[in-house]
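Notes follow once the structure below has been shown.
Residue numbers start from 1 in every chain, and the chains themselves are labelled A, B, ... in the order their sequence lines are given, proteins ahead of strands.
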2 protein chains.
Amino acid sequence: MGIAVGKSIKEAEKFCKENDLKFTPVRRKVLEILLQKNKALGAYEILDLLREAGFKNQPPVAYRALDFLVKNGFAHKIEQLNSFVGCMHPGKDHSPAFMICRNCDFVSEEEAINPNFSVSKIASKAGFKVEKAVIEARGLCHSCASMA
Amino acid sequence: MGIAVGKSIKEAEKFCKENDLKFTPVRRKVLEILLQKNKALGAYEILDLLREAGFKNQPPVAYRALDFLVKNGFAHKIEQLNSFVGCMHPGKDHSPAFMICRNCDFVSEEEAINPNFSVSKIASKAGFKVEKAVIEARGLCHSCASMA
DNA sequence: GCGCAAATGTTATGTTATATCATGGAGGAC
DNA sequence: GTCCTCCATGATATAACATAACATTTGCGC
C-alpha cells in the first residue's frame, strides 16, 4: 500500500470518528481499493476485488459502501463512466472537476473553484439554485498527448 | 405540436440535407418526442412513445436514433440521469451546461462558453487536453425554488 | 439491374443499480 | 445485565440501462 493511501485512510478514520460515522471494514476496504488503484472503477470491479479480499460480493455490498463514501466526500462518482474514484482532497469543502483520459483511463481531480467562472454564475442567469455541480472533461492527459 | 418544435425539426432537416445526413422517420420522431416533452427522457420512455406512434420498439431502435441525434448535435445526454434532451441551440457550435431541477425534472440548457472560464483553463493547468466537457448542475429551478 | 453502404429488424445478452425483507451487532435506557 | 432500537450487513430477486451480433431492407451510383 502506498504511504499516501495509508494517510488518506487514517484521515477518513479520524473524520468518521469526529462525525459519528461508522468506518466499517467493508467501507474501509472499498476506500483502500479506490485509492490504491488510483483510477475509476466500476461497482462490479470493486465487487470482484472485495471477493478476493474475502468480503461478500453481492451488488448491494459495493453500492452501499460507495454510497457512504460518496455521501461523506471520500469518493466521487464519475458519471460519464458509471464508475468511482477515491477523493484526492477529502475533508476539505471542494468543487471537483474531473479530467478523464480517453486513452489510459486515468482520472485526475482538479479544483473547479475559480473566481472568474462558476457554474453558479451561469446558473444564476437562469434563476437556478445549484446544489451540486458535475464537471467532467474527456480528452487526453499530458502523458498520452505527448505520446501521440 | 408547439410551433417551436416544428421550427426545430425543420432546422434539423435542413442541416441534414446540407451535410448528407439521413433524417429518417425514426430519427425525426425521436427528436420530435424530445422537443415536445421538453424534459429529460430515458431511452425506454422514448421507446414506449415510439411504440405508441407505430414504430418498432426494441432497445436498439431508440439507442441508434439517440446516437445519431447526439452525435450531430440535435440532442444531448444528461449523464446524471441516464437520459436525453433535445438541443435548444442546434446547429451552433456550443458548450452546453445543464441545470437539472431535482423537484420537477425540468432541464434547462445554458451556454457555458465564457472566454475567462472554461473547463479548458482548469485543464491546461493539469496538462490535459479537453475534447468534450460535461457540465451538469443539480438543484432547484426558479419556479420550484419560489414555491419552497 | 447490380453492387455497395448505411439504416433498420431481430434476438440475445451484457452491464449497472435498486427493492425488499431477513439477520446481526453495537450502544443506550432502564 | 437485559432489552430495545438503530443501523449495518446478508441474501434474493429484479429493475433499468445499454450493446453485440447477424439478418434484412433500402437508397443510390454505376
Side-chain angles (χ1 to χ4, degrees), chain A residues 12-13 16-31 33-34 39-51 53-72 74-85 100 105 107 134 136, chain B residues 12-13 16-17 19-31 33-34 39-51 53-72 74-85 100 105 107 134 136 138:
Chain A
E13 195 166 38
C16 287
K17 219 165 242 165
E18 291 168 358
N19 293 275
D20 276 319
L21 300 169
K22 295 181 186 174
F23 198 49
T24 62
V26 66
R27 290 168 178 177
R28 169 190 297 261
K29 186 67 196 177
V30 172
L31 182 54
I33 288 169
L34 290 172
K39 63 170 192 168
L41 295 174
Y44 284 74
E45 293 177 86
I46 290 166
L47 217 43
D48 287 343
L49 296 168
L50 283 177
R51 182 181 42 238
F55 289 85
K56 293 294 157 95
N57 69 116
Q58 300 91 332
V61 172
Y63 283 103
R64 285 165 176 162
L66 288 165
D67 283 350
F68 172 87
L69 295 174
V70 169
K71 190 168 150 197
N72 296 112
F74 303 129
H76 300 287
K77 180 169 188 179
I78 305 299
E79 298 287 348
Q80 288 187 75
L81 302 179
N82 294 316
S83 61
F84 300 84
V85 292
I100 306 162
D105 283 338
V107 176
V134 168
E136 298 176 3
Chain B
E13 196 166 38
C16 287
K17 218 166 244 165
N19 293 274
D20 276 318
L21 301 169
K22 296 180 185 174
F23 199 47
T24 62
V26 65
R27 291 167 177 178
R28 168 190 298 261
K29 185 67 197 174
V30 172
L31 182 53
I33 288 170
L34 289 173
K39 62 169 193 167
L41 294 174
Y44 283 71
E45 293 177 86
I46 289 166
L47 217 43
D48 288 342
L49 296 168
L50 283 177
R51 183 181 42 238
F55 289 85
K56 293 293 156 93
N57 70 116
Q58 300 91 332
V61 173
Y63 282 104
R64 285 166 177 162
L66 288 165
D67 283 350
F68 172 87
L69 296 173
V70 168
K71 190 169 150 195
N72 297 112
F74 303 130
H76 298 288
K77 180 169 189 181
I78 306 298
E79 298 287 348
Q80 287 186 76
L81 302 179
N82 294 318
S83 61
F84 300 85
V85 293
I100 307 162
D105 282 339
V107 176
V134 168
E136 299 176 3
R138 285 272 241 170

Geometric cation-pi criterion B:Arg27 and B:Phe68, 6.0 Å radius, 45° cone | yes

Figure out the [atom1]/[atom2] separation between [X] and [N], and round it to whole Å.
X	N	atom1	atom2	result
A:Asp20	D:dA8	CG	P	11 Å
B:Asp48	D:dC17	CG	P	11 Å
A:Leu21	C:dA26	CG	C1'	16 Å
A:Leu47	D:dA11	CG	P	13 Å
B:Leu81	D:dA16	CG	C1'	14 Å
B:Asp67	C:dT8	CG	C1'	14 Å
B:Gln58	D:dA20	CD	P	17 Å
A:Ile78	C:dT16	CD1	P	14 Å

Where each residue is assigned the nucleotide of DNA chain C containing its nearest heavy atom, which of B:Lys22 and B:Asn82 is assigned the position nearer the 5′ end?
-> B:Lys22

Of the nucleotides [options], which has the atom closest to the [X] side chain?
X	options	value
A:Pro60	D:dA8, C:dA17, D:dA11	D:dA11
A:Pro59	C:dT18, D:dT19, D:dG10	C:dT18
A:Thr24	C:dT16, D:dA8, D:dA11	D:dA8
B:Phe84	D:dG10, D:dA21, D:dA18	D:dA18
B:Arg27	D:dC7, D:dG10, C:dT8	C:dT8

Which is it for B:Val107 and B:Ile78 under the side-chain contact (heavy atoms from CB on, under 4.5 Å) test, yes or no, and what are the steps along the way?
-> CA-CA 9 Å; B:Val107 176; B:Ile78 306 298; 4.0 Å; yes

Can any side-chain N or O of B:Glu136 pair as donor or acceptor with the backbone N or O of B:Gln80 at less than 3.5 Å?
-> yes

Can you find a donor-acceptor N/O pair under 3.5 angstrom joining the side chain of B:Tyr44 to the base of D:dA18?
-> yes

Sorted by position of nearest nucleotide on DNA chain D, 5' first, the leading residue of A:Phe68 and A:Lys56 is A:Phe68

Describe, in one word, how the ring planes of A:Tyr63 and A:Phe84 are oriented to each other, choosing from parallel (under 30°), tilted (30 to 60°) and perpendicular (over 60°).
-> perpendicular

Under 4.0 Å between a side-chain N/O of B:Tyr63 and OP1 or OP2 of D:dA18, yes or no?
-> yes

Would you call A:Arg51-A:Asp48 a salt bridge at under 4.0 Å N-O?
-> yes

